[in-house]
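Computed from a prediction, not measured in an experiment: that's the story for all the values here.
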Amino acid sequence: MKAVPNRYRVRFENLDRESTCLEGETVFQSARRAGVRIVGACGGRGVCGTCMVRVLEDEVDAASGSRTPRERKWQRSCELHPGGDCWVEVAPRSVARVVRTEVDERDAHAIAPDSAVRLHEVVLEPATLASARADGDRMIEALRPSGVRRLDLAALRKLPALLRKNDWRVRAVCLGEEAIAFAAPGRPALGLAVDLGTTNCAGYLLDLESGALLGRLGIENPQASYGADLVSRMNFAITSPEQREELRQAATTAVNELARSLCEAVGAAPEEIVDVAICGNTAMHHLLLGLPVRQLGRAPYVPAVCQVIDVRARDLDLACAPGASAHLMPNVGGFVGGDHVAALLATEARWRDTTALVLDIGTNTEISLAHAGELLTASCPSGPALEGGHISSGMRAAEGAIEQVFLENGRIAVKAIGDEEAVGLCGSGVVDAMAVLVQAGIADRGGRLNPARPEVRDRDGTREALLVPGVTFTQADVRSVQLAKAAIRSGIDLLLREAGIDERMLTRVIIAGAFGSYIRVESAVAIGLLPSLPLERFEQVGNAAGLGVRMALLRSDLRARAEQIARTCRYQQLGALPGFQKVFLSRIGF
């Protein structure tokens with residue numbers, strides 16, 4: 001008979017959460033199973049140092065299996081194996097927090113709602129012994145002039161009770177020829193728009209009748225604990241059907257957490273969400289739908305599908321009206337997905353009829369060059385460094401994260417979110433820090449930290465520059481930034497080359513994404529991430545993908561326009577373009 005493994009209680013003291021850890025599991029693995037979100041950029045492989053915890057009580061076994069006495073030093077949770085019940089504290093920069101979801105709202109107010117769902121107030125005659133026709137039959141008859149021919153089974157199950165509770169009056173929510181939900185008269189018909197990002201997920205709750213934005217929320221993608229980059233997650237998914245399903249459920253959890261939290265904030269129930277629109281890059285799109293990703297993760301990087309997908313929300317286990325539809329925005333190709341299409345949709349007035357760049361900078365950066373009526377589009381695997389991932393003191397954009405680094409009287413100074421004590425660096429702070437290190441001569445143009453500078457020290461064989469007490473920037477951090485910025489800048493260079501134009505012809509550079517909201521353009525230009533153009537040509541528009549998916553939720557014609565934009569994009573596989581390696585290497589330096 002197979003022995004039952006021991007189970008240990010792990011309490012995350014500063015999060016007020018607990019998990020059960022099986023014998024042989026790490027603290028990180030037990031946290032992931034329990035939904036306790038600890039940042040783990042490498043997916044728990046022990047190479048990034050972002051999942052730091054310290055043991056407050058009891059003992060744990062080190063990765064080697066040896067016993068370790070009670071300690072209070074910070075250690076990687078992916079290398080700690082509990083030997084009994086234990087209490088741990090998660091490092092402030094390792095806590096996955098609610099994130100900011102700013103959107104440029106200037107374009108949002110012009111969206112007049114004309115959604116795919118239609119609402120009908122229906123009044124039926126009360127059933128009597130003399131007129132005892134079925135409730136559903138009479139409802140179809142009342143809705144037939146509107147083109148409705150059938151009722152969704154889940155909606156039908158609720159109809160009899162709703163009719164009798166509301167004096168034979170109900171609100172019917174219809175999609176095409178089907179009534180997909182019923183509600184009490186006057187209850188709102190809610191829509192949920194989701195930007196399912198690699199690192200962060202943003203959700204927007206809207207009233208489908210008025211178009212009003214009722215609430216918005218950003219959370220870390222629960223899949224982040226399986227790896228900060230797409231390759232780590234896809235490698236996890238292809239190992240087994242069970243692991244692919246595990247990642248699909250993590251993506252579903254993100255959408256459902258957004259739905260429940262947003263509805264709770266406005267006194268509504270998730271079942272009142274009757275339409276959902278979702279955008280994400282191709283890998284996130286596939287993982288949510290449970291589509292195979294093996295062929296996507298290997299050359300020539302072929303998606304399973306690029307066209308629009310409309311499915312029942314219940315087929316994805318989404319927390320909303322069972323009959324609701326989920327609209328997945330179209331992909332372009334490779335790793336350019338519906339999130340970039342949504343960003344292009346939201347910013348079309350800015351790039352149409354001109355020569356412009358649209359960049360959505362993140363873990364996976366998408367770039368489109370609009371010129372002479374064409375859209376050249378590419379994806380750059382920039383990695384998580386520019387969002388604070390794989391950076392020794394990196395963290396999400398939360399309180400205590402350094403968002404600005406600058407020189408003040410010749411010395412390094414910082415500003416942290418919430419004016420809190422600095423505990424780490426978020427994306428905008430990473431770019432600022434790199435620019436300041438180069439500007440001050442602490443790092444040279446090749447990226448080497450200068451050991452002669454007083455800010456630079458060697459600790460345990462690692463060269464690092466001290467920004468403020470407790471926050472450093474290591475030589476490895478510099479290299480990570482170099483690789484990320486070279487990937488993005490070489491993408492820009494190659495698209496310009498393919499179009500046969502010079503960067504000086506760009507009349508506008510539109511920077512989208514959460515990272516793009518806060519980055520200081522001057523710093524990005526200084527390190528060579530962005531072209532050296534007059535600052536007035538740059539425009540930061542926040543989470544344009546979030547705005548674009550809201551537009552698609554509210555208007556059927558804009559869904560059709562998004563499909564047209566996706567078909568217009570001419571996808572460029574950067575690695576296959578002549579001279580890619582040479583261009584990439586030329587952009588490594590500062």
* Assess whether side chain to side chain contact (heavy atoms under 4.5 Å, CB included) is satisfied between L163 and R138, documenting all intermediate values. => CA-CA 12 Å; L163 284 170; R138 290 194 294 150; 5.6 Å; no

* **Residues forming a side chain to side chain donor-acceptor pair (under 3.5 Å) with N166, sequence neighbours excluded** => none

* Structure fact -> Between A202 and N543, the two heavy atoms sitting closest are CB-ND2, 3.7 Å

* Pairwise distance CG(L230) to CG(N235) - rounded to 0.5 angstrom -> 11.0 Å

* Asked: Do L496 and L506 have side chains that get closer than 4.5 Å, going by heavy atoms?
  -> yes

* Near E125 CD, under 6.0 Å, is it more than 12 heavy atoms from other residues, nucleotides or ligands? -> no

* Structure fact -> On a heavy-atom basis, the closest approach of Y518 and S428 is O-CB, 3.6 Å

* Residue list, salt bridge (Lys or Arg N to Asp or Glu O under 4.0 Å) with E257, at least two apart or on another chain -> R37

* D310: what forms a side chain to side chain contact (heavy atoms under 4.5 Å, CB included) with it, not counting sequence neighbours? -> V308, S325, H327, R559

* Reported OH-to-CG distance for the pair Y226 and L287, which is rounded to 0.5 angstrom -> 11.5 Å

* To do: Determine whether N331 and H286 make a side-chain contact, defined as any pair of heavy atoms from C-beta on separated by less than 4.5 Å.
  => yes

Mind listing the side-chain donor-acceptor pairs of residues 145-154 below 3.5 Å, one per line with the distance, residues two or more places apart or on another chain?
unit_1, atom_1, unit_2, atom_2, d
R149, NH1, R144, O, 3.3
D152, OD1, R314, NH1, 3.2
D152, OD1, R314, NH2, 2.8
D152, OD2, A154, N, 3.0
D152, OD2, A155, N, 3.3
D152, OD2, R314, NH1, 3.3

* **Nearest heavy atoms of I501 and M505, plus distance in Å** => CB-SD, 3.5 Å

* Looking at side-chain heavy atoms only, is the closest gap between L318 and L192 below 4.5 Å? -> no

* Derivation and outcome, side chain to side chain contact (heavy atoms under 4.5 Å, CB included), residues V341 and C279 -> CA-CA 8 Å; V341 174; C279 70; over 6 Å; no

* To do: Could you tell me whether the side chain of M284 reaches within less than 4.5 Å of the side chain of N221, counting heavy atoms only?
  => yes

When the side chains of residues 292-304 are checked against the rest of the protein, which donor-acceptor pairs come out under 3.5 Å, sequence neighbours left out?
unit_1, atom_1, unit_2, atom_2, d
R294, NH2, I238, O, 3.2
Q295, NE2, P292, O, 3.1
Q295, NE2, V302, O, 3.3

* Asked: Heavy-atom distance under 4.5 Å between the side chains of T568 and L344, does that happen here?
  -> no

* Structure fact -> Between A566 and P330 the two heavy atoms that sit nearest each other are CB-CG, 3.9 Å

* Asked: Going from CD1 on I519 to CG on L359, what distance comes out if it is rounded to the nearest 0.5 angstrom?
  -> 9.5 Å

* **Donor-acceptor contact below 3.5 Å, side chain R17 vs main chain F12** => no

* **Nearest heavy-atom neighbours spanning G491 and L574** => CA-CD1, 3.7 Å

* Worked check of side chain to side chain contact (heavy atoms under 4.5 Å, CB included) between V332 and E366 -> CA-CA 11 Å; V332 172; E366 298 88 19; over 6 Å; no

* Listed by chain and number, what are the ring pair (Phe, Tyr, Trp, His ring centres under 6.0 Å) partners of Y571, not counting sequence neighbours? -> none

* Asked: CG/L217 to CD/E264 distance, rounded to the nearest 0.5 angstrom?
  -> 11.0 Å

* Can K158 and E271 be counted as an ion pair, charged N to O under 4.0 angstrom? -> no

* Asked: With no hydrogens and no angle check, do the side chains of S382 and T365 hold a donor and an acceptor under 3.5 Å apart?
  -> yes

* Among L214, V274, V276, which one satisfies side-chain contact (heavy atoms from CB on, under 4.5 Å) with L190? -> L214

* Pairs in or reaching into residues 188-213: which pass salt bridge (charged side-chain N to carboxylate O under 4.0 Å, His left out), with residues at least two apart or in two chains? -> R171-E209

* Asked: Roughly how far, to the nearest 0.5 Å, is OG1 of T363 from CZ of F335?
  -> 12.5 Å

* Asked: Where do E141 and R133 land on the salt bridge (Lys or Arg N to Asp or Glu O under 4.0 Å) test, with the steps shown first?
  -> CA-CA 11 Å; E141 182 178 316; R133 290 182 61 207; 2.8 Å; yes

* Structure fact -> Closest heavy-atom pair, G211 versus P113, reported as atoms and distance to 0.1 Å, is N-CG, 3.7 Å

* **Non-hydrogen side-chain atoms of I309 and H285 separated by less than 4.5 Å** => yes

* **Any V549 side-chain heavy atom under 4.5 Å of V194 side chain** => no

* Asked: E272: what forms a salt bridge (Lys or Arg N to Asp or Glu O under 4.0 Å) with it, not counting sequence neighbours?
  -> R187

* Under 3.5 Å donor-acceptor, R550 side chain and L205 backbone -> no

* Separation between CD of Q564 and CG of L345, rounded to the nearest 0.5 Å -> 10.5 Å

* So do the side chains of N281 and S379 get within less than 4.5 Å of each other, counting heavy atoms only? -> no

* **L554 and L208: CA distance, side-chain angles, deciding distance, side chain to side chain contact (heavy atoms under 4.5 Å, CB included) verdict** => CA-CA 6 Å; L554 287 176; L208 294 178; 4.1 Å; yes

* Got a sec, which pairs hit salt bridge (charged side-chain N to carboxylate O under 4.0 Å, His left out) with one end in residues 236-255, sequence neighbours left out? -> E245-R248, R248-D317

* **Pairs meeting criterion salt bridge (charged side-chain N to carboxylate O under 4.0 Å, His left out) with involvement of residues 159-169, two or more places apart** => D135-R164

* Considering residues at least two apart in sequence or located in another chain, which fulfil the side chain to side chain donor-acceptor pair (under 3.5 Å) criterion with T282? -> none

* **Carboxylate-amine/guanidinium contact E348 R561, below 4.0 Å** => yes

* Report yes or no: does T347 contribute a side-chain atom to a donor-acceptor pair with the main-chain N or O of R350 at less than 3.5 Å? => no

* **Partner residues of T507 under the side chain to side chain donor-acceptor pair (under 3.5 Å) criterion, sequence neighbours left out** => T354

* Would you confirm whether Q540, through its side chain, and I511, through its main-chain N or O, come within 3.5 Å as a donor-acceptor pair? => no

